[in-house]
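Report on the following structure.
All values derive from a computational prediction rather than experimental measurement. Atom set for the values below is all heavy atoms of this structure, side chains included, hydrogens, waters and symmetry mates excluded. Starting from 1, each residue takes its place in the sequence as its number.
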Amino acid sequence: IIMDSLHKIISDIKGQEFAAKLSDNDIFSLVGIDSIDYVEIMVNFEELYNCDILSLEIDWSEINTKTKLGVMLYNHIIRK
């Protein structure tokens, strides 16, 4: 469910074609997801799941792929 939500959010932000080509392990900064896109992804996720992600004490520079982001979101939001 997390990965489907991320795919939809990325599709809404970057376009359906971009989201379809984005693999789970593509490094965001290398494929055109910049810091503004990243924050927008997080804000959309927070709204969707009614949670507070951006205030978590996480080394955000390490969360640089869809897989890493999905695992972090699952562990800190869904699993909690």
Side-chain angles (χ1 to χ4, degrees):
I1 290 178
I2 296 284
M3 296 306 279
D4 291 340
S5 297
L6 285 175
H7 178 82
K8 169 135 182 30
I9 290 169
I10 291 169
S11 180
D12 290 346
I13 294 168
K14 298 294 284 181
Q16 193 171 19
E17 187 176 327
F18 179 90
K21 291 180 182 178
L22 182 66
S23 81
D24 290 346
N25 295 308
D26 282 341
I27 296 173
F28 291 149
S29 63
L30 298 179
V31 295
I33 295 178
D34 61 22
S35 58
I36 294 171
D37 295 328
Y38 194 88
V39 169
E40 192 172 352
I41 292 167
M42 296 294 92
V43 168
N44 278 277
F45 195 89
E46 286 181 332
E47 290 174 358
L48 182 64
Y49 287 94
N50 192 29
C51 59
D52 183 13
I53 300 166
L54 295 173
S55 67
L56 295 173
E57 292 187 27
I58 292 174
D59 182 358
W60 291 103
S61 66
E62 295 293 318
I63 312 297
N64 60 358
T65 68
K66 204 162 67 167
T67 297
K68 290 178 182 179
L69 183 55
V71 168
M72 184 279 301
L73 292 169
Y74 176 80
N75 287 334
H76 286 87
I77 305 303
I78 305 301
R79 200 166 159 208
K80 223 173 182 183

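A donor-acceptor pair is defined here as one N or O able to donate and one able to accept, closer than 3.5 Å; no such pair exists between the side chain of Asp26 and the backbone of Leu22. A donor-acceptor pair under 3.5 Å is absent between the side-chain atoms of Glu40 and the main chain of Ile13, judged by distance alone.
Hydrophobic cluster membership differs between Ile36 and Met42, with clusters built from Ile, Leu, Val, Met, Phe, Trp and Tyr side chains linked at under 4.5 angstrom.
Note that the SG atom of Cys51 and the CG atom of Leu73 stand 7.5 Å from one another [nearest 0.5 Å]. Note: Asp4 CG to Ile9 CD1 = 11.0 Å, rounded to the nearest 0.5 Å.
Here salt bridge (Lys or Arg N to Asp or Glu O under 4.0 Å) pairs that include residues 48-71, with residues two or more places apart or in two chains, are Asp24-Lys66. Contacts classified as salt bridge (Lys or Arg N to Asp or Glu O under 4.0 Å) and involving residues 5-17 (residues at least two apart or in different chains) are given here: Lys8-Asp12, Lys14-Asp37, Glu17-Lys21. Listed by first and then second residue, the ring-ring contact (aromatic ring centres under 6.0 Å, His included) pairs involving residues 5-25 amount to none (not counting sequence neighbours).
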### Task
Report the C-alpha distance between Ile53 and His76 in whole Å, list the side-chain angles of each, state the deciding distance to 0.1 Å, and finish with yes or no for side-chain contact (heavy atoms from CB on, under 4.5 Å).
CA-CA 8 Å; Ile53 300 166; His76 286 87; over 6 Å; no
### Task
Apply side chain to side chain donor-acceptor pair (under 3.5 Å) to Thr65 and Asn25, showing your working.
CA-CA 5 Å; Thr65 68; Asn25 295 308; 4.5 Å; no
### Task
Show the numbers, then the answer: is there a side-chain contact (heavy atoms from CB on, under 4.5 Å) between Tyr38 and Ile63?
CA-CA 10 Å; Tyr38 194 88; Ile63 312 297; 3.2 Å; yes
### Task
Check the pair Ser35, Val39 against side-chain contact (heavy atoms from CB on, under 4.5 Å), reporting the backbone distance first and the verdict last.
CA-CA 6 Å; Ser35 58; Val39 169; 5.6 Å; no
### Task
Before giving the answer on side-chain contact (heavy atoms from CB on, under 4.5 Å), spell out for Ile33 and Ile27 the whole-Å C-alpha distance, their side-chain angles and the decisive distance to 0.1 Å.
CA-CA 9 Å; Ile33 295 178; Ile27 296 173; over 6 Å; no
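The shortest non-hydrogen separation linking Leu69 to Ile41 is CD2-CG2, 4.2 Å. The two residues Ala19 and Ile10 come nearest to each other via the heavy atoms CB-CG2, 4.1 Å.
Considering only residues two or more places apart in sequence or on other chains, Tyr49 meets the ring-ring contact (aromatic ring centres under 6.0 Å, His included) condition with Phe45. Listed by chain and residue number, nothing satisfies the side-chain hydrogen bond (donor to acceptor under 3.5 Å, both in side chains) test with Ser11 (two or more places apart in sequence, or in another chain). Residues passing the side-chain hydrogen bond (donor to acceptor under 3.5 Å, both in side chains) test with Asp34, sequence neighbours excluded: none.
With side-chain heavy atoms closer than 4.5 Å counting as contact, directly or through intermediates, Val71 stands alone and belongs to no larger hydrophobic cluster.
When the shell of 6.0 Å around CG of Leu30 is examined, it contains more than 12 heavy atoms from other residues, nucleotides or ligands.
Taking the side chain as every heavy atom from C-beta outward, Met3 and Tyr74 never approach each other to under 4.5 Å.
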